[in-house]
Amino acid sequence: QVQLVESGGGLVQAGGSLRLSCKASGIIFAIKAMAWYRQAPGQQRDLVAVIARGGNTNYADSVKGRFTISRDNAENTVYLQMNSLRPEDTAVYYCNIIDTAYWGQGTQVTVSS
């Protein structure tokens, strides 16, 4: 079955960096567009970044220039490099296979001021 497993979250001070990973199994990863979303307490789940199967990327305005999404098809993994983190980036981060209901379990990112 399809499985997405996120890792890499944690507690970091404002201005710091984290790298999230999402390893996929049970799918032909290389042909799938992938996305990272995030959900803060009491808020809706928002799109953060998308990477197409060909490598094209798109970002939410709030993270442009600070976050970078990438993929390693050989490792069936999508990454989210997060730099210059801000307290408002605090959320649970989820990976998703675009246009499907497949989600990971989420990884908590907490940015202290």
Side-chain angles (χ1 to χ4, degrees):
Q1 70 277 20
V2 177
Q3 196 169 19
L4 300 172
V5 179
E6 298 105 335
S7 61
L11 173 63
V12 64
Q13 288 189 331
S17 298
L18 284 173
R19 189 194 195 202
L20 307 184
S21 300
C22 172
K23 188 169 181 63
S25 59
I27 60 168
I28 305 174
F29 180 81
I31 67 171
K32 300 296 185 182
M34 300 292 296
W36 284 97
Y37 284 75
R38 66 186 180 187
Q39 187 167 20
Q43 303 295 317
Q44 66 181 20
R45 192 171 295 189
D46 292 326
L47 181 65
V48 174
V50 175
I51 186 164
R53 62 181 185 177
N56 289 339
T57 59
N58 277 293
Y59 299 90
D61 286 345
S62 59
V63 306
K64 279 180 182 176
R66 301 188 297 123
F67 290 11
T68 302
I69 188 171
S70 61
R71 65 191 299 157
D72 184 338
N73 289 339
E75 294 294 328
N76 285 3
T77 301
V78 60
Y79 302 97
L80 187 68
Q81 177 67 45
M82 305 186 295
N83 299 328
S84 302
L85 282 161
R86 305 167 180 169
E88 54 264 39
D89 295 318
T90 295
V92 179
Y93 284 70
Y94 300 89
C95 67
N96 167 253
I97 304 170
I98 291 289
D99 293 333
T100 77
Y102 294 116
W103 296 87
Q105 82 287 355
T107 185
Q108 176 71 47
V109 171
T110 303
V111 184
S112 64
S113 57

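In what follows, residues are counted from 1 in the order of the sequence shown.
- Within the structure, no pair that satisfies the disulfide bond (SG atoms under 2.5 Å apart) test touches residues 40-92, not counting sequence neighbours.
- Partners of N73 under the side-chain hydrogen bond (donor to acceptor under 3.5 Å, both in side chains) rule, at least two apart in sequence or in another chain, are R71.
- Within the structure, no pair that satisfies the disulfide bond (SG atoms under 2.5 Å apart) test touches residues 26-69, not counting sequence neighbours.
- In terms of the side-chain contact (heavy atoms from CB on, under 4.5 Å) criterion, residue partners of A14 (sequence neighbours excluded) are, by chain and number, P87, V111.
- Sorted by first then second residue, the side-chain hydrogen bond (donor to acceptor under 3.5 Å, both in side chains) pairs that include residues 2-17, not counting sequence neighbours, are S17-N83.
- Put simply, Y59 and V50 are part of two different groups of oily side chains (I, L, V, M, F, W, Y) that touch within less than 4.5 Å, one to the next.
- In this view, L11 and T110, S112 satisfy the side-chain contact (heavy atoms from CB on, under 4.5 Å) rule, not counting sequence neighbours.
- Checking L18, V48, T68 one by one against L80, the side chain to side chain contact (heavy atoms under 4.5 Å, CB included) holds for a single residue, V48.
- The environment of CD1 in I28 is sparse: at most 12 heavy-atom neighbours from other residues, nucleotides or ligands sit within 6.0 Å.
- In this structure, the side chains of M34 and L4 come closer than 4.5 Å at one or more pairs of heavy atoms.
- Within the structure, every pair that satisfies the salt bridge (charged side-chain N to carboxylate O under 4.0 Å, His left out) test and touches residues 82-94, not counting sequence neighbours, is listed here: R38-D89, R66-D89.
- Residues in residues 53-103 take part in these disulfide bond (SG atoms under 2.5 Å apart) pairs, two or more places apart or across chains: C22-C95.
- In terms of modelled atom types and a separation under 3.5 Å, the side chain of N96 and the main chain of Y102 share a donor-acceptor contact.
- Linking ILVMFWY residues whenever their side-chain heavy atoms come closer than 4.5 Å, directly or via other members, places L47 and V92 in the same cluster.
- Taking R45 as the reference, Y37, Q39, Y94, W103 meet the side-chain contact (heavy atoms from CB on, under 4.5 Å) condition, with sequence neighbours excluded.
- Note: F67 CZ to T57 OG1 = 14.0 Å, rounded to the nearest 0.5 Å.
- The disulfide bond (SG atoms under 2.5 Å apart) analysis of residues 55-94, with sequence neighbours excluded, yields no pairs.
- Taking T77 as the reference, S21, K23, E75, Y79 meet the side-chain contact (heavy atoms from CB on, under 4.5 Å) condition, with sequence neighbours excluded.
- Side-chain contact between T100 and I27: absent, with no pair of heavy atoms (C-beta onward) separated by less than 4.5 Å.
- Every residue two or more places apart in sequence or in another chain that forms a side-chain hydrogen bond (donor to acceptor under 3.5 Å, both in side chains) with D61 is listed here: K64.
- Transitive grouping of hydrophobic side chains (ILVMFWY, heavy atoms separated by less than 4.5 Å) brings V2 and V78 into a common cluster.
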